[in-house]
Each structure stands twice: as C-alpha cells, then as structure tokens.
Amino acid sequence: MEDRVIRDTFLVFGAPAIEDAEIEEVVASIKTGWLGTGPKVAQFERDFAAYKGANYSAALNSCTAALHLSILAAGIKPGDEVITTPMTFCATVNAIIHAGATPVLADIDSLTMNIDPLEVETKITARTRAIMPVHFAGRPCNMDALMNIADRHNLKVIEDCAHAIETRYKGRMAGTIGDFGCFSFYVTKNIITGEGGMVLAQREEDIARIKMLGLHGMSKDAWMRFSDEGYKHYQVVECGFKYNMMDLQGAIGIHQLTRVESYWKRRLAIWERYNEAFAGLPVTLPAPPEPDTRHAFHLYSIQIDEKRTGLKRDAFLDAMTARNIGVGVHYLSIPEHPYYQVNYGWKPEEYPRAMLIGRQTVSLPISAKLTDTDVTDVIQAVTRSL
Ligand SMILES: Cc1ncc(COP(=O)(O)O)c(C=O)c1O
C-alpha cells in the first residue's frame with residue numbers, strides 16, 4: 001500500500017455523488033421554466049413510494065418539515081408528550097417543539113445506539129401520545145418492542161428515517177412500520193436532492209393533510225393553479241407552512257433513486273474495508289448488523305476512549321483534519337446543548353449511555369463518492385493518528 005502520509009486535497013465528509021443524468025434533468029427543468037412544485041416532484045414521490053413498497057408519499061423541502069407535519073397529522077397537541085432519543089440530530093427534537101408538544105428523552109442501547117424500548121417504557125405518562133424512534137446510522141430500531149409499547153398505550157409511531165432509506169427490519173422497510181416514516185435528502189445523505197425530505201404514511205388522509213399543510217394550508221393541488229387548464233381558485237383551510245419540494249430538487253431525486261442500491265453496495269464495501277483495517281486498533285468499531293435486518297451503512301463511527309488510546313476524542317478529530325480527512329460527530333447527545341438544558345432542565349448525566357457515545361464518537365467518511373484511494377487515505381490517517 002503506497003504511504004501517502006497526507007493527501008494533497010481535503011476529503012470533504014459526506015460529499016455527495018452527483019452524476020450527469022441529474023445535471024441534465026435539472027437543466028431540462030430550468031428550460032421548461034417550471035421550477036417550483038410540479039411533475040418532477042410528483043414522479044419522485046411515486047418512484048420513492050414504489051422503492052419503499054408504500055402506498056402514500058409526500059415530498060417536502062426537508063426531513064425536519066416531514067417530522068413536523070407528521071406530528072401535526074398524528075393529531076398531537078400542545079401539552080402532549082413525544083418520546084424520542086438523545087442520540088439524534090437536533091431536528092428530531094426541534095420538530096416536536098415546533099408542533100407545540102413536549103419532547104421526552106429515553107436513553108439508548110449502548111451497542112446499537114438506538115432508543116432502548118425498556119427506557120421508553122419508563123418514560124410513558126398519561127400525556128404520552130407518540131414515540132419517535134431514529135434508525136441511527138441506518139441500523140433499524142427494535143421495532144417489534146416499540147410497536148408493542150405503542151399498541152399497549154395507544155401511541156402513534158413516527159419513524160425518523162433520515163439515515164435509513166435502505167434499512168429493513170424483519171422483511172419490512174424502515175418508514176413503513178410505524179404510522180409515518182420521514183426521510184432526508186440533505187447533501188450528506190444516502191441519496192440527495194440538496195435539501196429535501198419525504199413522508200410515507202399508512203393512511204391516505206394523513207398524506208393529504210401533510211401535502212396541504214406543506215403548501216400554506218391551501219386546498220388540494222393548489223400548485224396547479226397557474227396551469228394551462230385555466231386559473232383555479234384555491235381555499236386556505238388551515239394555517240400551513242411553506243415546506244413544498246421544488247421540481248429542481250425532484251429532478252435530482254429521480255435519478256439519485258435509480259442508484260440507491262448501487263450506492264448502498266459501495267458503502268457496504270467501504271464499511272467492510274474499515275472493519276478489516278481497524279480490527280487490531282484500540283478503538284470500538286460499529287456493532288455488526290442484527291440478524292434479519294438490513295443496515296443502511298449511513299455512518300461509520302468509531303469510539304475513541306481516552307483510557308484505551310491515550311488520545312482525547314477531540315484531539316483525534318484535529319489529527320484527522322490535519323491529515324486532510326473530514327470527520328464528523330454524530331452526535332453530541334441532545335442534553336449537551338444549552339437550549340435544552342435551559343428550557344427542559346436536561347442534564348447529559350441523566351442519559352449516560354448517549355452522553356458517553358456523544359463524547360467518544362467519530363464518524364469517518366463513507367459516502368458512495370469515495371474512491372478506493374480515498375478509503376486508503378482514511379485508513380492511513382486513522383492508523384497514524386492513533
Ligand atoms: C436523524 C436526523 N433527523 C432529522 C434530520 C433533518 O433532516 P433535514 O436536514 O432533511 O431536515 C437529520 C439531518 O441531518 C438527521 O440526521
């Protein structure tokens with residue numbers, strides 16, 4: 001293996017693979033002059049639902065919007081409680097707050113890093129209305145246990161599938177098990193539209209309400225009001241939001257989706273190379289996927305325990321950056337952030353498993369765009385930094 005020591009250019013963490021087909025489709029969209037929500041978004045919704053084996057889908061401008069509107073469509077009201085994980089991006093918790101509900105955290109399982117159903121059970125009160133599990137890094141949550149809790153307590157389940165487009169759990173696709181599944185096509189995600197999101201729902205009326213709430217609360221198909229079939233009046237039936245996806249984004253998504261499985265295979269190959277290369281190092285590697293599940297391999301995170309490595313996690317992050325390798329932290333646990341400490345009184349120590357992961361974890365690049373040489377550079381940088 002050639003020892004490159006330090007690569008010449010910075011390897012951006014989570015850089016997307018963008019190919020000619022989507023570039024041409026975007027240009028074609030611009031040339032039609034129809035930039036906003038239109039036929040490309042409708043096609044992306046259909047194609048995504050077909051890939052997931054779902055009946056109802058709504059494209060929006062982010063997963064955050066998808067989570068927010070799913071909570072509203074679930075009928076959750078101010079004062080209601082929604083249980084989620086402390087090991088997630090802030091958007092999961094913020095969406096609960098935006099909907100006027102109260103977020104409640106349940107600690108994770110240290111091995112899977114997913115919400116622990118036993119912890120969820122202890123957090124249920126008379127005000128609990130929903131559980132919002134996050135399939136962390138693309139590893140499915142223990143959905144049998146979570147759906148069982150939801151059934152017993154009459155709770156809605158909103159799956160945060162931002163990492164989990166390709167994830168399966170016992171033969172079912174992530175996002176089709178609970179009442180709602182919310183997906184992200186942000187630039188670092190498994191397939192991208194720049195910014196973008198999608199909701200899948202079990203019930204047609206929920207998707208209809210989400211589409212309406214995503215476009216100002218205007219009545220059905222208001223986006224077609226300027227078409228050549230003549231001007232159509234619309235009616236505002238709720239106070240909605242401006243969350244619609246543009247055709248420029250749909251144009252990218254249609255072509256990215258055709259490669260979702262080949263990109264997944266590429267990330268699997270990178271995951272396996274990392275596992276092999278790091279097997280002898282004093283770091284903790286990701287747990288293998290559970291039987292009868294499919295991991296989406298969205299994040300490859302190693303745990304840097306100072307007692308084992310002699311190196312602090314943040315020093316390792318700096319060492320990787322100095323070697324021109326972009327790294328990430330997914331995530332500092334939610335209670336580490338001042339907003340939640342001040343407004344909810346949360347302390348990191350109250351969720352010790354998420355706290356520990358958040359203080360030790362480092363995500364290495366695993367996007368389908370990486371070349372074999374990029375992967376070699378990451379491996380060498382990790383080995384030399386430790
Ligand atoms: C777990 C999780 N939930 C929600 C989101 C929000 O996604 P978006 O950026 O599409 O709003 C993200 C994005 O990083 C995420 O990682």
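Atoms within a ligand are numbered from 1 in the order they appear, just like the ligands themselves.
Protein heavy atom in closest approach to atom 7 (O) of ligand 1: C63 CB, 3.2 Å. Given atom 2 (C) of ligand 1, the protein heavy atom at minimum distance is A162 CB, 3.4 Å. Nearest protein neighbour of atom 12 (C) of ligand 1, counting heavy atoms only, is F89 CD2, 3.6 Å. The nearest heavy-atom contact from the protein to atom 3 (N) of ligand 1 is D160 OD2, 2.7 Å.
Residue contacts with ligand 1: T88 is placed with no nitrogen or oxygen under 3.5 Å of a nitrogen or oxygen of the ligand (distance criterion only). An N or O contact shorter than 3.5 Å is missing between E195 and ligand 1 by distance.
In summary, the side chains of S301 and S363 do present a donor paired with an acceptor at a separation below 3.5 Å, with no hydrogens or angles considered.
Within the 4.0 Å heavy-atom cutoff, G196 counts among the residues contacting ligand 1. A heavy-atom separation below 4.0 Å is found between K189 and ligand 1.
At a heavy-atom distance under 4.0 Å, atoms from both the backbone and the side chain of T64 approach ligand 1. At a heavy-atom distance under 4.0 Å, no atom of F183 approaches ligand 1. Here H163 has side-chain heavy atoms under 4.0 Å from ligand 1, and that is the only part of it that gets that close.
Atoms of ligand 1 found under 4.0 Å from any heavy atom of V134 (numbered from 1 in listed order, with element): 1 (C). Which parts of ligand 1 touch T92 is read off a 4.0 Å heavy-atom cut-off, strictly below it: atoms 3 (N).
Of all heavy-atom pairs spanning G196 and M245, the tightest one is CA-CE, 4.0 Å. Of all the heavy atoms in A59 and E45, the pair that sits closest is N-OE2, 2.7 Å. Looking at every heavy atom in both residues, N114 comes nearest to P140 through ND2-O, 3.2 Å.
Taking the six-membered ring where tryptophan is involved, the planes of F185 and F48 are perpendicular, since the angle between them exceeds 60° and thus also 30°.
Put simply, the residue from N148, N142, L146 that forms a side-chain contact (heavy atoms from CB on, under 4.5 Å) with D144 is N142.
The backbone N or O of F297 lies less than 3.5 Å from no partner atom in the side chain of W264, so there is not a single donor-acceptor pair.
Separating the NE2 atom in H330 from the CZ atom in F136 is a distance of 7.5 Å, to the nearest 0.5 Å.
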Stepwise side-chain contact (heavy atoms from CB on, under 4.5 Å) test for I115 and V134: CA-CA 7 Å; I115 195 165; V134 176; over 6 Å; no
